[in-house]
Amino acid sequence: ATVALLHAYDPGYNFALQQSVSEPSSQWCILLLQCVRAALGRKKAPQALAQVLQNITVSDHAKQFVAALQTAKSPVIVLGLEAYHHPQAGQLRFVAEQLAALVGGQVASVTDGANSAGMWLAGVVPHRGAFAASVAREGRTVATNFQEPMQGYWLHQFSPTQDTAKPVETMRALSQADFVVACSSFD
């Protein structure tokens, strides 16, 4: 698959990128509009975008993105969580849909619940196996994990004092553990 990426920062990826452009998220809508303008070529702009596109100059990055989309067998523009929560989310989606229509592609979105749904299907819940199969022995619930302390915990985007109904019990269990890893976007 050919992958071209527009993002606010480049954390490094474990797959090859044909193109990678780091732009502040405030510029994403402009870059997508440049792509629409490039994809139009000499065609007339859709009425909904005609006035906006008059003042858009196409960048080299936009030309390269469009070339990648136009040569792809089944082009897909994927809007991730940053686009989903962007202040201009509706505009980004609208412009992405216009671009997808021009290159014969489609738009897909990664939502907040995507990982939760995938984990449920994979059986990463205490009472079900993969694809809702019954389990011989049920696993532990979040409450059980803190009521009956364990040796180690991996906390991902979880604040022990704010994301549980019993913060004192939670902190007691964590303080008794041999090993705790906490991953968070916040201090």
Side-chain angles (χ1 to χ4, degrees), residues 1-32 61 65 68 76-97 100 106-187:
T2 300
V3 179
L5 188 65
L6 168 62
H7 47 92
Y9 62 95
D10 187 355
Y13 295 92
N14 61 356
F15 50 88
L17 295 172
Q18 179 177 335
Q19 183 181 11
S20 176
V21 177
S22 292
E23 288 284 344
S25 60
S26 61
Q27 299 302 305
W28 291 356
C29 205
I30 299 296
L31 184 61
L32 281 177
H61 291 305
F65 273 124
V76 178
I77 299 168
V78 180
L79 299 176
L81 283 178
E82 287 184 68
Y84 190 76
H85 292 289
H86 193 279
Q88 296 173 308
Q91 293 163 326
L92 286 170
R93 179 146 184 99
F94 175 76
V95 177
E97 288 170 352
Q106 48 190 310
V107 176
S109 294
V110 177
T111 64
D112 285 321
N115 287 335
S116 299
M119 290 175 69
W120 181 272
L121 286 172
V124 186
V125 291
H127 60 287
R128 289 282 176 228
F131 300 104
S134 296
V135 292
R137 189 177 126 229
E138 287 190 7
R140 297 166 61 114
T141 65
V142 172
T144 306
N145 286 336
F146 296 117
Q147 291 165 354
E148 302 167 14
M150 302 187 309
Q151 291 180 329
Y153 293 89
W154 182 285
L155 309 176
H156 191 81
Q157 302 294 29
F158 177 81
S159 173
T161 58
Q162 296 177 347
D163 293 335
T164 181
K166 298 181 179 180
V168 173
E169 186 178 89
T170 302
M171 289 304 292
R172 185 177 311 119
L174 292 173
S175 68
Q176 294 171 2
D178 295 330
F179 185 75
V180 177
V181 175
C183 304
S184 177
S185 302
F186 308 100
D187 292 336

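Distance CD1/Ile77 to CG/Leu92: 11.5 Å, rounded to 0.5 Å. Atom SG of Cys29 sits about 5.0 Å away from atom CD of Gln91, to the nearest 0.5 Å. Between His7 atom NE2 and Glu82 atom CD the span is 9.5 Å, to the nearest 0.5 Å. With rounding to the nearest 0.5 angstrom, the CZ atom of Arg140 is 10.0 Å from the CZ atom of Phe146. To the nearest 0.5 Å, atom OG1 of residue Thr170 and atom CG of residue Leu155 are 9.5 Å apart. In this structure, Glu138 CD and Thr144 OG1 are separated by 10.0 Å, a value rounded to the nearest 0.5 Å.
Taking both residues in full, the closest heavy atoms of Ser22 and Ala8 are given as CB-O, 4.4 Å, listed atom of the first, atom of the second, then distance. The two residues Asp163 and Gln157 make their nearest non-hydrogen contact at OD2-O, 3.9 Å. Looking at every heavy atom in both residues, Ala89 comes nearest to Ala83 through CB-O, 3.4 Å. A pairwise comparison of heavy atoms in Gln18 and Ala68 identifies NE2-CB, 3.9 Å as the closest pair. Across His61 and Leu31, no two heavy atoms sit closer than the pair CB-CD1, 4.3 Å. Of all heavy-atom pairs between Val135 and His127, the closest is CG2-O, 3.7 Å.
In Gln176, the CD atom is crowded: over 12 heavy atoms of neighbouring residues, nucleotides or ligands sit closer than 6.0 Å.
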For this session: Decide side-chain contact (heavy atoms from CB on, under 4.5 Å) for His86 and Trp28; before the verdict, give the C-alpha distance in whole Å, the side-chain angles of both, and the deciding distance to 0.1 Å.
Result: CA-CA 10 Å; His86 193 279; Trp28 291 356; 3.9 Å; yes

Problem set entry | Derivation and outcome, side-chain contact (heavy atoms from CB on, under 4.5 Å), residues Val142 and Thr164 | CA-CA 9 Å; Val142 172; Thr164 181; 5.6 Å; no

Exercise. What do the steps show when you test Ser134 against Arg128 for side-chain contact (heavy atoms from CB on, under 4.5 Å), and what is the final call?
Worked result: CA-CA 5 Å; Ser134 296; Arg128 289 282 176 228; 3.7 Å; yes

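At distances below 3.5 Å, at least one donor-acceptor pair connects side-chain atoms of Gln19 with backbone N or O atoms of Phe65.
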